[in-house]
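Within every chain, numbering begins at 1; the chains are lettered A, B, ... in the order of the sequence lines, protein sequences first and strands thereafter.
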Number of protein chains: 2
Amino acid sequence: MATGRTHRPATRSRGIPEATVARLPLYLRALTALSERSVPTVSSEELAAAAGVNSAKLRKDFSYLGSYGTRGVGYDVEYLVYQISRELGLTQDWPVVIVGIGNLGAALANYGGFASRGFRVAALIDADPEMAGKPVAGIPVQHTDDLEKIIDDNGVSIGVIATPAGAAQQVCDRLVAAGVTSILNFAPTVLSVPDGVDVRKVDLSIELQILAFHEQRKAGEEAAETDGRRRPVAARKTPADKGPDGDVPAVMPA
Amino acid sequence: MATGRTHRPATRSRGIPEATVARLPLYLRALTALSERSVPTVSSEELAAAAGVNSAKLRKDFSYLGSYGTRGVGYDVEYLVYQISRELGLTQDWPVVIVGIGNLGAALANYGGFASRGFRVAALIDADPEMAGKPVAGIPVQHTDDLEKIIDDNGVSIGVIATPAGAAQQVCDRLVAAGVTSILNFAPTVLSVPDGVDVRKVDLSIELQILAFHEQRKAGEEAAETDGRRRPVAARKTPADKGPDGDVPAVMPA
DNA sequence: CCATCTTTGTGCACGCGTTCACAAAGACAT
DNA sequence: ATGTCTTTGTGAACGCGTGCACAAAGATGG
């Protein structure tokens, strides 16, 4: 690919594999839950189960960060929370702007998980003059005209795009020109960005289509092994072990 | 891992790699755009650029579906749209239920991309009695009590969870027990499901944390090569080639 | 101080996904 | 018909990520 290098050397530069980085937030969440329950230590086995991953994988992941465990005992929860937070850069404040305050943008602004860890919604931006001044999630919406000034004034380096597909590239260009170097894109479009800018994308439609593929395959297999009957799904269902499933975490430099 | 097999044999069973499946929706989107502009054929190079991937990768992906191209010419747009749609199972109707009609759930219900390709929002479900009957996106919200009946009546096999984290597992269990075999999870939790059920997860918080990691690394590198100055971000920015970036599409069986 | 038991950290092998590079296939012109 | 030119389809090499299996480390008890 053309500029796939955008983030790839990134990974190698500090030695932590991209796949591992993508799992760190998962571990952090599980650890935070343990911390709130005042659990002092966890074994890799327990933590792996809570995070939904293989314990060997978890240990290997942690080994990239250093040797923070104690053999025969496990990991110190508080210490690990701190180390992972630091590694992810969550010990500092990250002002974020959301561009495109429609249904989704408003939902994102209200989303609690945003503010939870170092992320702060610094501003909401929309192209509709009607929206200007209206408060959403307690924050007044500002007009796109002031985008550059807003980015600059707040020292924003992370932008979230929740505009319609048609406006996404244009918004992206302006964000990047204004100094944003990381973008989370919810618009169903492929964004072109200069080298050095990270883009991650979240696409509901794509996720559903992938599910549909597997769903279709399941229906086909079922038809093959038993019979053409397919609708009363509730009838057929794997009793199966309810082992905490979980494969690869989300990864996707777009 | 425990039940990671959930979807893995799936892939092998019909020979199409999971990574390829995850990219098919991307190609489909690009092809649809071309179709609307009445473009008859595309080369792998052009289509790859539009989808933001490597052309060799695209050709290999298509090779798993069969030989639909013509050497020296390229691919027939309409034919390819049909083939990919069929492969993804989008030629049939997929009734979907959304559980948890808060800010996010409502945004999802209003999301146009949902209905666009074979997906139809069959019902909205919420635990709040106050919501019952209220129309969201033109569809009346129904109470959780009727979940099983709704799933059964509409023959739903795909469920979307947009509830708070605390309720997610419980909702998931009920969906699965009622016959749902594919789940798209927006709640920040690891879901346990029986074998044979596919779960994909979308987690805003995780995506942001991954961006923060790279952002921090960029700042660190910058500090190392030039100086400690970091704040006036707008100053430093890669002029760089604007090559249509894009690596791997979203993949993530949870 | 020694033995035993638990749990980490990792060397190694395997498989998947990506990419290169090129031969084969077909279109098109002469 | 023959040659040239374009573009596909794929064999092969490479690298990353995963998981096994075990040795080393340390805790704990006698």
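Checked options A:S63, A:S43, A:S44; the residue passing with A:L58 is A:S44 (criterion: side-chain contact (heavy atoms from CB on, under 4.5 Å)).
One finds a side-chain N or O of B:Y75 lying less than 4.0 angstrom from the OP1 or OP2 phosphate oxygen of D:dG9. Residue B:K57 has a polar side-chain atom (N or O) positioned under 4.0 Å from OP1 or OP2 of C:dT19. Phosphate contact (OP1/OP2 of D:dT8, side-chain N/O of B:S44, threshold under 4.0 Å): present.
Rounded to whole Å, atom P of D:dC16 lies 15 Å from atom CD1 of A:I16. Taking atom OH of A:Y64 as the reference point, atom P of D:dT18 lies 9 Å away to the nearest angstrom. Put simply, CZ on A:F62 is 16 Å from P on C:dT7, counting in whole angstrom units.
Candidate nucleotides C:dG17, C:dG9, D:dT18 were compared by shortest atom distance to the side chain of A:S67, and C:dG9 ranks first. Nearest nucleotide to the side chain of B:V73, out of C:dA27, D:dG9, D:dA21: C:dA27. Nearest to the side-chain atoms of B:T70 among the listed nucleotides C:dA27, C:dT18, C:dG17 stands C:dA27. The B:N54 side chain lies nearest to C:dT19 when the options are C:dT10, C:dT19, D:dG9.
A ring-centre distance under 6.0 Å is not found for B:Y68 and B:Y75.
Across the interface with DNA chain D, nearest-nucleotide mapping of A:A56 and B:V42 shows B:V42 to be the residue nearer the 5′ end. Each of B:Y68 and A:G72 has a nearest nucleotide on DNA chain D; the 5'-most of these lies closest to B:Y68.
Taking each heavy atom of B:S85 and B:L28 in turn, the nearest pair found is OG-CD1, 3.7 Å.
Between the side chain of B:R71 and the base of D:dT8 there is at least one donor-acceptor pair of N/O atoms closer than 3.5 Å. Checked by distance alone, A:K60 brings no side-chain donor or acceptor within 3.5 Å of a matching partner on the base of D:dT18.
With axes fitted over five pairs at each extremity, the angle between the ends of the helix from C:dC1-D:dG30 to C:dT30-D:dA1 is 10° (10° resolution).
Two residues are said to be in side-chain contact when any heavy atoms from C-beta on lie closer than 4.5 Å; B:I161 and B:F186 fail this criterion.
Taking a 4.0 Å limit (strictly below) on heavy-atom distances, residues 76-83 of chain B does not reach DNA chain D anywhere.
Side-chain atoms of A:N185 come within 3.5 Å of backbone N or O of A:T189 as a donor-acceptor pair.
A donor-acceptor contact closer than 3.5 angstrom is absent between the side chains of B:Y82 and B:E78.
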